[in-house]
2 protein chains.
Amino acid sequence: MMEYALMDVREVMLRPTTKDLAKAAGVSRATVDRVLNGREGVKKRTVDRVNDAIQELGFVRNIQAANLARSQRYRFVFALPRSGDLFLEEIVRHIDEANETFATDLVWCDVVHIDENDPHSISAFLATLDPNETTGVAIMAPESPQVRDAIFRLQERGVAALPFIADQSTMEEHWVGTDHHAAGATAATLIGRFCPAPEGSVLVISESMRSRDSLERRIGFDAEMNQHSPGLRPLPSLETYGDEERAERVIYNSVINNPDLVGVYVLSSEARVPLTILNENMNTDHLIKISHERTPFTEAALRNGSLDAVIAQDPGHLVRSAVRKLKAITDKRVATGSQERIRVEVLLRTNI
Amino acid sequence: MMEYALMDVREVMLRPTTKDLAKAAGVSRATVDRVLNGREGVKKRTVDRVNDAIQELGFVRNIQAANLARSQRYRFVFALPRSGDLFLEEIVRHIDEANETFATDLVWCDVVHIDENDPHSISAFLATLDPNETTGVAIMAPESPQVRDAIFRLQERGVAALPFIADQSTMEEHWVGTDHHAAGATAATLIGRFCPAPEGSVLVISESMRSRDSLERRIGFDAEMNQHSPGLRPLPSLETYGDEERAERVIYNSVINNPDLVGVYVLSSEARVPLTILNENMNTDHLIKISHERTPFTEAALRNGSLDAVIAQDPGHLVRSAVRKLKAITDKRVATGSQERIRVEVLLRTNI
DNA sequence: GTCATTTTGAGGCACGTGCATCAAAAATAT
DNA sequence: ATATTTTTGATGCACGTGCCTCAAAATGAC
């Protein structure tokens with residue numbers, strides 16, 4: 001067949017340079033430079049001529065060379081909540097890994113811990129960032145007017161900003177995270193299909209229902225339950241507020257008061273506390289249990305069967321996607337492609 | 001709290017250059033160049049001194065600058081089977097997308113179709129590749145001595161080679177794909193848990209069982225079934241050989257002869273033919289059906305409920321990982337990090 | 001027309017590395 | 001010691017772009 005013989009003998013198509021652009025547009029390299037970098041003092045007619053030439057030649061700026069020329073380095077800050085959360089630990093671990101992955105791209109990331117419940121201090125922190133030493137910030141913080149304004153001012157000063165995992169509704173084009181509604185719905189699908197009996201009530205446990213992602217997961221969960229598992233009855237969300245004693249009390253009460261319990265959905269990213277309570281103090285082997293995020297704890301729980309499924313977002317992917325997006329913003333590119341969509345992953349014992 | 005005030009005031013740590021290296025090692029830049037690029041005629045003592053300095057300074061070569069200097073470009077070839085397979089079409093689509101994603105890295109990928117069943121022609125094709133115009137090849141072809149040897153000769157000529165999706169057992173360090181055993185086991189887990197009844201037989205359909213991945217999936221599937229769903233009885237694999245008439249005949253017979261059928265597992269990446277046969281000609285709504293790979297067909301089937309789950313590997317991720325690995329081999333780096341592990345994904349209606 | 005102003009061109013250095021040449025120094029052989 | 005060979009240094013250009021300066025040309029105002 002030898003079909004490969006028909007392959008394009010690709011004459012080594014060199015990419016056009018600014019020199020080629022200048023020649024094609026009939027201007028000097030200095031003018032090309034002025035247009036490319038948006039400098040003042042170029043007549044509209046000339047700008048158009050250059051842009052036409054860009055189109056015609058399919059010119060793409062060689063970013064490596066540009067970065068070299070201006071010794072550009074990227075220094076990104078991840079502003080994360082201070083917390084013992086295992087999921088956050090994973091995130092930090094992957095930021096370290098990203099520092100190796102992106103070393104050749106001259107990217108360096110630092111982690112700074114913020115007080116997620118104090119919008120004022122977050123805003124103050126963002127105000128301290130100097131565009132000369134910080135290229136961009138990935139911010140994981142709940143929405144608030146102060147934070148929103150601080151992000152806005154940050155961008156005006158020329159620092160790229162990107163909501164990270166927790167979303168800021170004002171800038172939905174730019175953010176990194178999963179579709180919480182779909183995640184909740186997927187938890188519902190799994191509980192619905194894993195339950196041997198079509199009837200019973202389902203416990204929903206969360207650290208808090210104040211954040212937008214918790215609410216959206218809950219809405220997705222309920223919608224899916226109602227529509228496809230009408231026999232199952234999701235109970236009102238139990239909130240633990242990160243307090244173990246309180247968690248133990250409310251969970252215990254709820255299990256006692258709902259003898260028809262068939263499943264448990266731990267909605268927040270910290271699954272260890274509620275699951276430990278359920279497994280150690282009560283006989284809940286027969287319950288279908290689903291939680292969020294891959295951590296050493298949830299992995300072990302999947303393996304030993306005390307957890308039936310985990311809905312996860314890949315922390316490494318989240319971090320890398322954030323870095324790529326911040327880099328794209330800095331380079332004034334559009335971060336493109338399916339690569340930046342964070343999947344709602346389903347983890348079972350067999351595909352950890 | 002102002003914890004951020006404690007943050008490292010990072011004096012803009014510039015990465016050391018070859019100049020710094022030369023000074024630290026007490027040699028000239030020319031000698032540093034000789035050592036870095038493994039040229040002849042440098043005394044062992046001097047080589048050691050330079051390497052010590054590299055360690056000490058933590059020198060990392062600036063690949064962008066290096067590529068610029070030698071106008072390096074990467075041209076990779078994806079050698080894929082010729083076929084109307086929807087999964088392959090997705091792969092090709094993502095190669096196109098990767099050409100945009102990696103444009104700024106001076107990477108270009110071409111697709112070449114090979115005859116997967118003719119090792120001789122594959123070997124002949126690989127022999128035509130000129131290192132001057134082809135930097136590396138991702139090869140999706142079943143194992144065979146001819147192909148193995150051709151890959152070996154290719155590498156000797158200085159062309160990077162990477163088994164793609166289909167694995168070559170001789171080079172397991174370098175390959176891109178999923179753990180087939182885990183994929184099969186995951187299919188078994190899902191069928192086991194989705195089935196309302198704990199008893200019955202399960203149909204396993206494949207285009208062919210000659211390839212290693214099919215065998216491994218089957219082994220993983222059976223092992224998981226035996227251990228965790230002892231009541232379910234997986235039937236011997238039905239092979240369609242890509243022949244629709246044959247497929248219709250064998251599937252029809254199997255459904256008739258096994259009235260206790262509770263589930264179907266379509267093992268190969270082409271799910272359209274068997275699923276269409278099942279859905280159109282027989283009443284199989286009550287069966288749990290699972291297949292592989294995300295394609296427009298499987299997506300639609302998940303949405304309309306005619307398919308219960310899809311075990312998938314992200315085609316975009318596969319392609320990008322292959323590109324990154326080929327690039328790393330070319331740059332003589334080690335492709336590092338969790339990023340290169342291809343996950344066994346579970347797709348349900350709610351997380352497509 | 002002259003003058004001021006805006007727009008453009010020409011040229012050069014820098015970024016960090018690869019690669020080449022030629023001379024100087026050091027090591028080794030005779 | 002001298003001749004030969006091996007090892008090292010000095011230097012310079014190239015890659016594609018950013019950024020700077022100074023002069024030339026074009027344009028507009030009067």
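All values reported here derive from a predicted model rather than from experimental measurement. Just so it is clear: chains get the letters A, B, ... in the order the sequence lines come, proteins before strands, and each one is counted from 1.
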> For Thr134(A) and Arg75(A), does a side-chain donor sit closer than 3.5 Å to a side-chain acceptor?
Replying inline: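 Checked: Thr134(A)/Arg75(A) side chains pair up, N/O donor to acceptor below 3.5 Å.
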> If you walk 5' to 3' along DNA chain D, what is the first nucleotide with an atom under 4.0 Å of a heavy atom in chain A, and what is the last?
Replying inline: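 Footprint of chain A along DNA chain D, 5' to 3': dG16(D) to dT27(D).
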Holding to side-chain contact (heavy atoms from CB on, under 4.5 Å), I want the full list of residues that pass it with [X], two or more places apart in sequence or in another chain.
| X | value |
| --- | --- |
| Leu68(B) | Asn62(A), Ala65(A), Leu68(A) |
| Glu89(B) | Leu86(B) |
| Ser321(B) | Val176(B), His317(B), Arg324(B), Lys325(B), Glu340(B), Ile342(B) |
| Asp331(B) | Ile63(B), Tyr74(B), Lys327(B), Arg333(B) |

> Considering residues at least two apart in sequence or located in another chain, which fulfil the side-chain hydrogen bond (donor to acceptor under 3.5 Å, both in side chains) criterion with Arg294(A)?
Replying inline: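 If we apply the side-chain hydrogen bond (donor to acceptor under 3.5 Å, both in side chains) test to Arg294(A), skipping adjacent residues, the hits are Glu299(A).
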>> Test of understanding: with side-chain hydrogen bond (donor to acceptor under 3.5 Å, both in side chains), list the residues that count as partners of Arg341(A), not counting sequence neighbours.
In response: none
> For Pro81(B), does its backbone N or O pair with a side-chain atom of His113(B) as donor and acceptor, under 3.5 Å?
Replying inline: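 Here the side-chain-to-backbone pair exists.
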>> Any residue in residues 39-58 of chain A with a heavy atom nearer than 4.0 angstrom to DNA chain D? Just list them by number, or reply none.
In response: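 Heavy-atom cutoff 4.0 Å gives Arg39(A), Lys43(A).
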Just list the side-chain donor-acceptor pairs under 3.5 Å for residues 50-61 of chain B, sequence neighbours left out, or say none.
residue	atom	partner	partner atom	Å
Asn51(B)	ND2	Val47(B)	O	3.4
Arg61(B)	NH1	Asn37(B)	OD1	3.1
Arg61(B)	NH2	Leu36(B)	O	3.2

>> Please list, in numerical order, the residues of residues 23-38 of chain A that have a heavy atom closer than 4.0 Å to any atom of DNA chain C.
In response: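 DNA chain C contact set from residues 23-38 of chain A: Gly26(A), Val27(A), Ser28(A), Arg29(A), Ala30(A), Thr31(A), Arg34(A).
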>> Exactly one of Ile165(A), Ile114(A), Leu318(A) should register a side chain to side chain contact (heavy atoms under 4.5 Å, CB included) with Met140(A). Which one does?
In response: Ile165(A)
> What heavy-atom pair brings Arg15(A) and Ala103(B) nearest, and what distance separates the two atoms?
Replying inline: NH1-O, 2.7 Å
>> Just the rounded figure in Å: distance from C1' of dG9(C) to NZ of Lys19(A).
In response: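 These atoms are roughly 15 Å apart.
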> If you look only at pairs with a residue in residues 41-50 of chain B, which of them pass as a side-chain hydrogen bond (donor to acceptor under 3.5 Å, both in side chains), with sequence neighbours excluded?
Replying inline: Lys44(B)-Asp48(B)
>> If the helix axis at each end comes from five base pairs, how far does the helix from dG1(C)-dC30(D) to dT30(C)-dA1(D) deviate from straight, to 10°?
In response: 30°
